[in-house]
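This report refers to the structure that appears directly beneath it.
Lettering of chains follows the sequences in order, A, B, ..., and the numbering in each one begins at 1.
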Amino acid sequence: MSQTFALVDCNNFYASCERLFRPDLTTTPIVVLSNNDGCIVARSQEAKQLGIKMGTPLFKVKDLLAHHKVKVFSSNYTLYGDISQRVMQTLETLAPHIEIYSIDEAFLDLHGMQDAAAHGQTIRATVLKNVGVPVCVGIAPTKTLAKLANYAAKKYKATNGVVDLRNPQRQLKLMALTPVDEVWGIGRRLAKKLGYHGIHTALDLAQMNTRSARSRYSVVLERTIRELNGESCQPLEQVRAARQQIICSRSFGTKMTDKEEVRQAVCEFVSRAAEKLRRDRRLAGRAHVFIRTSPYYSNMATGTVLHPSDDTRDLLPLATELFDQIWKDGFRYAKAGVMLSDTCSPQALQQNLFSTPRNDALMATLDKVNNSGKGKIWFGSQRPRKDWFMTQENLSPAYTTRWKDLPVVR
DNA sequence: TCTGGGGTCCTAGGACCC
DNA sequence: TCTGGGGTCCTAGGACCC
C-alpha cells in the first residue's frame, strides 16, 4: 500500500495573521518585516502583485510602499507562534498523524483515504472556520511531490486550493510545466548548475539518472529525484528533534569600530542565546563567536564549555575570550553573532566529579523578570543601550497572548 | 544580488591512529 | 623520512529551507 502525504501550507502566513485582527485591512496590501525591520519577509497577495519581492530591504521599496499605501508591520512572533499552534491543533483533528514542518506548514498522513481531494477541501474549510487563516493543500505519494502539488494549488486558481497529485499522469503533466527551482531542495545554485546540463523543468530532473546525480551532485539530489518519481524516501517525522544549535546574531544599523561596544553586543547575544537554551531545557557544550565587516574581514572562534551549561555566567567569560581572539582593530564591523552548539539534555549529561552544583534558581528568576515586561536585568558586561537591537517601529499588539492587548468589541 | 535571522544536512579535507 | 593502505573523528564550508 503506497503512502499519501498532504502538505498543508498557510497562505501568506504572517500577513494573514496580521489581517486576522484587522478586518479593516482585508483588501489593503500588507508587508511584514524581518526582526530588525530590515527587509520584507512576508507579503499579502496584493503586495505580491505590486511586484514587491521576498527579502527586499525595506529602504529600497519605501517609496513604492508609501505610494501604494501598503500597511507595514514589524514581525510579531508571539502572535504568529500562537496562531500557528491553533492551526496545528486543528490539523491534528484531521489526520491520524502529522508532522509540524515549520511555523506555517505541516505534513499530514492521509494514507488509505479514499477521497483525499475532498478531505483536502474539508481541511481548508475547517482551518478557515476555526482559526481564520486560509491554507492550500497538496496531496501526493511523497513529500517532494506533495510540496509540488501545494505549489500548484497556490499558483493555479482553478484548483480551488487543493491539488491531488496521486495520479502519475498528472505528476508528469505538472512537472513538465514547473521550473526546476520550484522543486523542494533545489535552490538557486543547484538550479543554475543543473541548467548547464540542460535540466530546466522538474520533469527533466525526474528523468535524470540517479547514479550520476549522486556522483556529480549529492545523495540529497538523488533522493529528490527518487521522490519525484513517486518513491517515498522521507517518512513522516512525528517527533520534533531537539535543536542542535542556537544562534543569536544581528546586523548593526550603523557600523561599529569600538571594541568595547562590539564586545557588549556579543555579550548581549550570549544572554539571549542562553535564554533560548534554558527555554529548550538544554545545555550547550560549545560556543562560537563571529564578527564581520561586510566583504573584507570575517572570522569565527570556537570554544568548548568545560562542563556543558545553560548558565549565562559560564558562557559569558568564554564568549569574551573567543571574541578577544578574533577582534582586529581598524575595521568597521557590520555584524556579529553568537552560536551555542553541541547541545544536550541535562539528563543525558554524565555527572562530572568536579562539577559544582549550579544555581538554577538565579537563572530562572532572571528569565522570569526579563520576560515579565516589567523590567530587565542584565550582566555588567552586556550593553544596556539597545538602540541597535530589535528595531520594531510597526509592531502589532499581542492580541492573543497578552490580556491588555485583547481586541475590544464596541 | 548579500539584503535578515535562524535553522538543517552533507562533504571534503586535515589530524591522527595502526 | 613521504614511502603503503586503511580507518576514524572533527571542522569548515557549501547548499538548502522557512
With sequence neighbours left out, write down each residue that passes side-chain hydrogen bond (donor to acceptor under 3.5 Å, both in side chains) with Lys154(A), or none if nothing qualifies.
Asp9(A), Asn150(A)
What is the nucleic acid contact for Glu105(A), judged by heavy atoms within less than 4.0 Å: base, sugar-phosphate only, or nothing?
sugar-phosphate
Mind checking side-chain hydrogen bond (donor to acceptor under 3.5 Å, both in side chains) for Arg216(A) and listing every partner two or more places apart, or none if nothing turns up?
His197(A)
Expected list for residues 171-178 of chain A: side-chain donor-acceptor pairs under 3.5 angstrom, two or more places apart:
residue: Gln171(A); atom: NE2; partner: Leu165(A); partner atom: O; Å: 3.0
residue: Thr178(A); atom: OG1; partner: Leu174(A); partner atom: O; Å: 2.7

So what stems show up for DNA chain B if we need 3 or more Watson-Crick or G-U pairs in a row, all under 3.5 Å?
B:5-18 with C:5-18
Sole residue of Arg19(A), Lys48(A), Glu46(A) in side-chain hydrogen bond (donor to acceptor under 3.5 Å, both in side chains) with Asn12(A)
Lys48(A)
Report yes if the distance between the aromatic ring centroids of Trp184(A) and Phe5(A) is under 6.0 Å, otherwise no.
no
Note: chain A reaches DNA chain C at heavy-atom distances under 4.0 Å over the stretch, first to last nt, 5' to 3', of dT11(C) to dC18(C)
Indicate the ring-plane relationship of Phe331(A) and Tyr297(A), choosing parallel, tilted or perpendicular according to the 30° and 60° boundaries.
parallel
Run the salt-bridge test on Arg278(A) and Glu275(A) with the 4.0 Å N-O cut-off and return the result as yes or no.
no
Mind checking side-chain hydrogen bond (donor to acceptor under 3.5 Å, both in side chains) for Arg86(A) and listing every partner two or more places apart, or none if nothing turns up?
Asp82(A)
Under the side-chain hydrogen bond (donor to acceptor under 3.5 Å, both in side chains) rule, what do Arg292(A) and Ser298(A) come out as? Steps first, then yes or no, please.
CA-CA 4 Å; Arg292(A) 194 162 82 204; Ser298(A) 104; 5.9 Å; no
Roughly how many Å apart are dG14(C) and dC2(B), using the P atom of each and rounding to a whole number?
15 Å
Qualifying residues under side-chain contact (heavy atoms from CB on, under 4.5 Å), relative to Thr159(A), sequence neighbours excluded
Ala153(A), Tyr156(A), Val163(A)
Do the charged groups of Glu227(A) and Arg223(A) touch, with an N to O distance under 4.0 Å?
no
Which part of the nucleic acid, if any, lies within contact of Leu33(A), taking any heavy atom under 4.0 Å across all strands shown: a base, the sugar-phosphate backbone alone, or nothing?
nothing
Kindly write out the residues that satisfy side-chain contact (heavy atoms from CB on, under 4.5 Å) with Gln238(A), not counting sequence neighbours, or none if the list is empty.
His97(A), Leu236(A)
Centre-to-centre under 6.0 Å for Phe290(A) and Trp327(A), is that the case here?
no
Answer with base, sugar-phosphate or nothing: what part of the nucleic acid does Lys53(A) contact at a heavy-atom distance below 4.0 Å?
nothing
Hey, does Val219(A) reach any base, or is it just sugar-phosphate, or nothing, if we go heavy atoms under 4.0 Å?
sugar-phosphate
Counting only non-hydrogen atoms, which of residues 220-236 of chain A are less than 4.0 Å from DNA chain B?
Val220(A)
For Glu18(A), which residues count as a side-chain hydrogen bond (donor to acceptor under 3.5 Å, both in side chains) partner, sequence neighbours excluded?
Tyr80(A), Ser396(A)
Is the positively charged end of Lys335(A) above the ring of Phe252(A), judged by distance under 6.0 angstrom from the centroid and angle within 45° of the axis?
no
Residue-level proximity of residues 189-214 of chain A to DNA chain C when a heavy atom falls under 4.0 Å
Arg189(A), Leu190(A)
Short of 4.0 Å, heavy atom to strand atom, which residues of residues 179-188 of chain A count as contacting DNA chain C?
Val183(A), Trp184(A), Gly185(A), Ile186(A), Gly187(A), Arg188(A)
Taking all heavy atoms of Leu318(A) and all of Thr304(A), pick out the closest pair and write down the distance.
CD2-O, 3.9 Å
On DNA chain B, does the nearest nucleotide to Lys276(A) precede the nearest nucleotide to Lys60(A) from the 5' side, or the other way round? Give the residue.
Lys60(A)
